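For reference, the structure discussed in these notes is given below.
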Amino acid sequence: MNMRSMVTVSKMDRNSIPEVSKLFAEFDSTEIPGLIGLHRRQLFIHQDVQVHLYDFVEKSDQAALEKVKSDPRMARLSVDLQPFVAPYEPETWNSPADSAASCFYSWEGESLESAGPTGTTVTVARMEPDAIPDVQKIFREFDATAQLLGIRRRQLFAFKDLCIHIQDHAGLNDADAAQKAAADIWFGRVLQDLPQLAPQEPTTDLHASRFYGWAAS
């Protein structure tokens with residue numbers, strides 16, 4: 001199945017996980033996700049950064065999308081989330097579009113259509129926007145030569161001073177391998193070629209933890 005992904009980034013206290021999970025579980029139990037072509041939703045948290053990953057089917061029903069925009073349940077979800085989720089930079093935030101990350105690199109190995117069950121790992125690292133071309137080049141070269149067993153799709157998103165690295169891998173059993181691969185690339189190839197991206201305080205704790213997931217049946 002061909003999917004297109006969207007990522008939004010916000011601030012969230014880890015203690016709010018139960019409330020946020022409950023709100024999305026209630027919303028995703030309605031018909032709205034199906035109407036907008038949402039195939040899968042995953043929420044991750046790293047420190048106080050929430051990464052919201054949406055996977056849509058390739059072709060969405062535009063008429064349904066327009067209809068859903070005015071559905072009061074959409075507005076209610078936004079209001080209900082406000083006590084728990086805040087803009088990453090409130091001083092520059094004007095609309096939900098300001099929370100959207102941009103995809104600057106995408107690679108797909110085995111087709112997700114025939115891949116069977118997949119899991120997702122997310123890592124979050126600091127990256128200045130002017131480093132994007134170099135980081136893109138490093139990953140393109142790596143994916144052209146490396147044999148990463150089980151890695152089916154890689155996407156890199158940029159948001160403000162963050163690089164969000166998303167890997168779809170072969171089932172939940174390969175999560176540890178996918179996380180190790182992500183860390184090895186960033187701390188090996190990337191920082192070797194771009195030492196200016198090294199954190200001020202060395203750490204390998206880049207992995208975001210998934211706290212909510214929903215997928216269409």
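A quick note: this is a predicted structure, and the numbers were derived from the prediction, not measured. Just so you know, residue 1 is the first one in the sequence shown, and it goes up from there.
One hydrophobic cluster, built from ILVMFWY side chains closer than 4.5 Å, holds both L81 and F211. Hydrophobic clustering of Ile, Leu, Val, Met, Phe, Trp and Tyr side chains at less than 4.5 Å, counting indirect connections, unites V49 with F157. Residues L53 and V124 are members of one and the same hydrophobic cluster, defined by side-chain heavy-atom contacts under 4.5 angstrom among Ile, Leu, Val, Met, Phe, Trp and Tyr. Grouping the Ile, Leu, Val, Met, Phe, Trp and Tyr side chains by contacts below 4.5 angstrom, directly or via other members, places W214 with L43.
Distance check, rounded to the nearest 0.5 Å: OG of S106 to CZ of R140 gives 11.5 Å. Atoms CG and CD, on D55 and Q42 in that order, are 6.5 Å from each other to the nearest 0.5 Å. In this structure, E108 CD and R153 CZ are separated by 6.5 Å, a value rounded to the nearest 0.5 Å. For the atom pair CG of D71 and CG of L77, the computed distance is 11.0 Å after rounding to the nearest 0.5 Å. In this structure, the separation between CD1 on I138 and CG on L191 is 8.5 Å, given to the nearest 0.5 Å. Atom CD of Q167 and atom CH2 of W107 lie 9.0 Å apart (nearest 0.5 Å).
The shortest side-chain heavy-atom distance between Y105 and D143 falls under the 4.5 Å cut-off. Side-chain contact check for M127 versus V190: every heavy-atom pair is 4.5 Å or farther apart. At least one side-chain heavy atom of V135 sits under 4.5 Å from a side-chain heavy atom of L194. Two residues are said to be in side-chain contact when any heavy atoms from C-beta on lie closer than 4.5 Å; I45 and M12 meet this criterion. At least one side-chain heavy atom of E31 sits under 4.5 Å from a side-chain heavy atom of R73. Looking at heavy atoms from C-beta onward, V51 lies out of side-chain contact with H46 at the 4.5 angstrom threshold. Under the 4.5 Å side-chain criterion, counting only non-hydrogen atoms from C-beta, R189 is in contact with E141. Contact check for D28 versus Y212: side-chain heavy atoms found under the 4.5 Å cut-off.
W93 places a side-chain N or O within 3.5 Å of a backbone atom of S95 that can act as its donor or acceptor partner. Proximity of a side-chain donor or acceptor of Q155 to a complementary backbone N or O of C103 within less than 3.5 Å is not detected.
In this pair, H165 and F139 present their aromatic rings perpendicular. The plane angle is above 60°, beyond the 30 to 60° band.
Partners of Y88 under the ring pair (Phe, Tyr, Trp, His ring centres under 6.0 Å) rule, at least two apart in sequence or in another chain, are F159.
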Under the side-chain contact (heavy atoms from CB on, under 4.5 Å) rule, what do I185 and R154 come out as? Steps first, then yes or no, please. CA-CA 12 Å; I185 298 169; R154 183 193 318 286; 3.6 Å; yes
I'd like to know whether L38 forms a side-chain contact (heavy atoms from CB on, under 4.5 Å) with Y54, so could you lay out the CA-CA distance, the side-chain angles of the two residues, the decisive distance to 0.1 Å, and finally the verdict. CA-CA 7 Å; L38 185 64; Y54 312 72; 3.8 Å; yes
Can H169 and T121 be said to form a side-chain contact (heavy atoms from CB on, under 4.5 Å), step by step? CA-CA 8 Å; H169 51 83; T121 59; 3.4 Å; yes
List the steps and the verdict of side-chain contact (heavy atoms from CB on, under 4.5 Å) for V20 and Q50. CA-CA 11 Å; V20 173; Q50 184 213 80; 4.2 Å; yes
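Between F56 and the options H39, M6, R40, a side chain to side chain contact (heavy atoms under 4.5 Å, CB included) holds for only M6.
By the 4.0 Å N-to-carboxylate-O rule, D168 lies too far from R152 to be salt-bridged with it.
Sorted by first and then second residue, the salt bridge (charged side-chain N to carboxylate O under 4.0 Å, His left out) pairs involving residues 78-106 (not counting sequence neighbours) are E89-K160. Residue pairs meeting the side chain to side chain donor-acceptor pair (under 3.5 Å) criterion with at least one partner in residues 17-27, sequence neighbours excluded, are K22-E26.
Here the closest heavy-atom approach between residue L162 and residue R126 is recorded as CD2-NH1, 3.2 Å.
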